[in-house]
Amino acid sequence: MKKGMFITLEGVEGVGKTTNLDFIADYLTTAGKEVITTREPGGTNIAERIREILLQHDQESLGDESEVLLMFAARAQHLEQVIRPALESGKWVLCDRFTDATYAYQGGGRRVKEADIRWMEHFVQKGLSPDKTVLLDLSVELGLQRAANRSQPDRFESEQHAFFEQVREVYLNRAKAEPNRFCVIDASQCIESVQKNIRQHLDEILKNA
Ligand code: Z5A
């Protein structure tokens with residue numbers, strides 16, 4: 001039985017998820033919540049090993065069906081080992097990406113059918129989904145520019161501009177369809193303004209928790 005709050009952070013490449021994850025965790029902790037931070041794909045030993053397969057380049061190309069199945073395999077492990085136990089013990093779980101990313105990247109980017117993703121979502125999550133999702137929204141150009149300083153691009157970072165446009169479009173459509181769950185933040189602003197906006201949403205979440 002879930003008691004804690006499940007919050008996810010989403011957005012295309014380079015929007016500032018990693019930058020803002022600790023900020024959100026600190027703010028919620030200061031407000032008296034017990035918070036754990038985690039990420040997808042990953043969050044457990046086995047799921048982190050699956051992450052390596054998903055992100056690393058290999059001589060053998062990874063098929064789209066394999067990719068989406070591995071995302072959900074990692075998620076099943078993460079839910080069982082980390083997310084459900086934490087929520088059941090009353091902790092707040094703050095996760096860098098979750099199933100919205102699968103709809104955006106595998107659905108929007110790779111063109112895996114939405115109905116297939118939905119089936120896997122029900123099979124793996126059994127009704128558990130994020131209470132709130134912070135979507136950091138930014139033009140693909142700016143996101144890629146911000147991310148460009150990184151070393152070697154991984155399998156996803158090596159995709160073309162059009163791929164990320166499709167990803168962004170799916171995120172925005174999902175936010176429009178579920179306005180109560182999503183908080184959409186304009187991530188093109190300076191970090192201070194982004195965090196001021198995030199704080200306003202967090203205050204609202206804390207008030208209603
Ligand atoms: N993936 C998937 O396909 N399907 C799924 O279901 C899931 C994931 C769960 C790994 O994700 C990949 O997995 C991901 C999608 C796929 N691949 N892609 N692309 P990840 O989250 O680990 O990796 P990522 O998206 O590549 O994250 P990122 O590139 O690390 O971006 P970020 O965390 O959002 O950005 P950041 O590192 O916080 O910021 C980037 C730079 O911008 C950095 O120098 C900051 O200092 C700077 N920054 C941040 N905010 C600002 C502002 N406001 N102004 C100026 N500069 C800023």
Side-chain angles (χ1 to χ4, degrees), residues 8-25 37-44 47-48 50-57 62-79 82-83 93-112 114 116-118 120-121 124-125 129-130 133-168 170-171 174 185-199:
T8 56
L9 210 56
E10 297 278 2
V12 292
E13 171 79 1
V15 287
K17 291 179 282 59
T18 312
T19 306
N20 289 300
L21 194 81
D22 286 345
F23 167 76
I24 296 176
T37 58
T38 185
R39 68 172 181 181
E40 290 218 345
T44 79
E48 288 291 330
I50 297 174
R51 179 187 176 95
E52 283 175 25
I53 298 173
L54 282 160
L55 266 60
Q56 280 176 8
H57 293 279
L62 186 66
D64 295 347
E65 285 84 5
S66 304
E67 184 178 286
V68 71
L69 286 164
L70 285 172
M71 286 294 173
F72 274 106
R75 184 161 300 137
Q77 194 67 16
H78 192 202
L79 278 163
V82 175
I83 298 178
V93 175
L94 181 56
C95 189
D96 188 344
R97 294 193 187 280
F98 195 65
T99 305
D100 291 300
T102 312
Y103 282 100
Y105 283 79
Q106 283 63 53
R110 305 278 193 233
R111 301 289 181 197
V112 174
E114 192 182 334
D116 290 338
I117 297 177
R118 204 174 310 122
M120 286 181 257
E121 179 182 23
V124 165
Q125 295 171 219
S129 54
T133 297
V134 176
L135 174 61
L136 295 168
D137 181 54
L138 182 64
S139 72
V140 171
E141 286 82 359
L142 196 47
L144 292 178
Q145 265 175 40
R146 283 187 190 169
N149 299 330
R150 241 85 54 76
S151 48
Q152 288 294 320
D154 64 34
R155 271 184 67 248
F156 289 100
E157 291 163 355
S158 307
E159 287 297 335
Q160 301 299 309
H161 190 280
F163 176 92
F164 293 109
E165 289 290 359
Q166 283 156 357
V167 169
R168 184 184 184 204
V170 173
Y171 271 134
R174 290 181 68 74
I185 310 279
D186 174 3
S188 68
Q189 309 168 88
C190 65
I191 294 179
E192 291 72 25
S193 303
V194 168
Q195 293 185 342
K196 186 173 166 215
N197 283 355
I198 292 176
R199 212 163 40 231

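Remember, it's 1-based here, ligands and their atoms both numbered in the order they're listed.
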For atom 9 (C) of ligand 1, is there a protein heavy atom at a distance under 4.0 Å?
yes
Numbering the atoms of ligand 1 from 1, which are under 4.0 Å from a heavy atom of [X]?
X    : answer
I191 : 50 (N), 51 (C), 52 (C), 53 (N), 54 (N)
T18  : 30 (O), 32 (P), 33 (O), 37 (O), 38 (O)
R75  : 6 (O), 9 (C)
T102 : 5 (C), 6 (O)
A101 : 4 (N), 5 (C), 6 (O), 7 (C), 9 (C)
C190 : 53 (N)
E157 : 26 (O)

Nearest to [atom], what protein heavy atom do you find, and at what distance?
atom                    : answer
atom 49 (C) of ligand 1 : T19 OG1, 3.5 Å
atom 27 (O) of ligand 1 : K17 NZ, 3.1 Å
atom 22 (O) of ligand 1 : R51 NH2, 2.7 Å
atom 29 (O) of ligand 1 : R150 NH2, 2.6 Å
atom 19 (N) of ligand 1 : E13 OE1, 2.8 Å
atom 40 (C) of ligand 1 : G14 O, 3.9 Å
atom 25 (O) of ligand 1 : R97 NH2, 2.3 Å
atom 50 (N) of ligand 1 : R146 NH1, 3.6 Å

With a 4.0 Å cut-off on heavy atoms, is R155 touching ligand 1?
no
Provide the closest heavy-atom pair for [X] versus [Y] in the form atom of the first, atom of the second, distance.
X    : Y   : result
M120 : L69 : SD-CD2, 3.9 Å
T102 : F72 : CG2-CE1, 3.7 Å
L62  : L54 : CD2-CD2, 4.0 Å
T99  : E10 : N-OE2, 4.3 Å
T38  : H78 : OG1-NE2, 2.7 Å
A25  : L94 : N-CD2, 3.6 Å

Could you go step by step and tell me if L138 and R146 meet the side chain to side chain contact (heavy atoms under 4.5 Å, CB included) rule?
CA-CA 11 Å; L138 182 64; R146 283 187 190 169; 3.7 Å; yes
Can you pull out every side chain to side chain donor-acceptor pair (under 3.5 Å) where at least one residue sits in residues 15-25? Sequence neighbours excluded, please.
N20-Q195
With heavy atoms under 4.0 Å as the rule, classify the contact between E67 and ligand 1 as side chain, backbone, both or neither.
neither
Checking heavy atoms under 4.0 Å, the part of R39 that sits near ligand 1 is neither
Is the closest N or O pair between [X] and ligand 1 shorter than 3.5 Å?
X    : answer
M71  : no
Q106 : yes
G16  : yes
D154 : no
E40  : no
P41  : no

E67 and salt bridge (Lys or Arg N to Asp or Glu O under 4.0 Å): which partner among R111, R51, R155?
R155
Would you say that more than 12 heavy atoms from the other residues, nucleotides or ligands in this model lie under 6.0 Å from the CD of Q189, or not?
yes
Apply salt bridge (charged side-chain N to carboxylate O under 4.0 Å, His left out) to residues E192 and R199 and explain how you reach the verdict.
CA-CA 10 Å; E192 291 72 25; R199 212 163 40 231; over 6 Å; no
Would you please test F98 and I83 for side chain to side chain contact (heavy atoms under 4.5 Å, CB included) and show each step?
CA-CA 11 Å; F98 195 65; I83 298 178; 3.9 Å; yes
Measure up the F164 and Y105 rings against each other and bin them: parallel (under 30°), tilted (30 to 60°), perpendicular (over 60°).
perpendicular
Heavy-atom nearest option to atom 12 (C) of ligand 1, drawn from Y103, Y105, F156
F156
V140 vs V167, test: side chain to side chain contact (heavy atoms under 4.5 Å, CB included). Steps then yes/no.
CA-CA 9 Å; V140 171; V167 169; over 6 Å; no
Side chain to side chain contact (heavy atoms under 4.5 Å, CB included) for R110 and E159? Distances and angles first, verdict last.
CA-CA 11 Å; R110 305 278 193 233; E159 287 297 335; 2.7 Å; yes
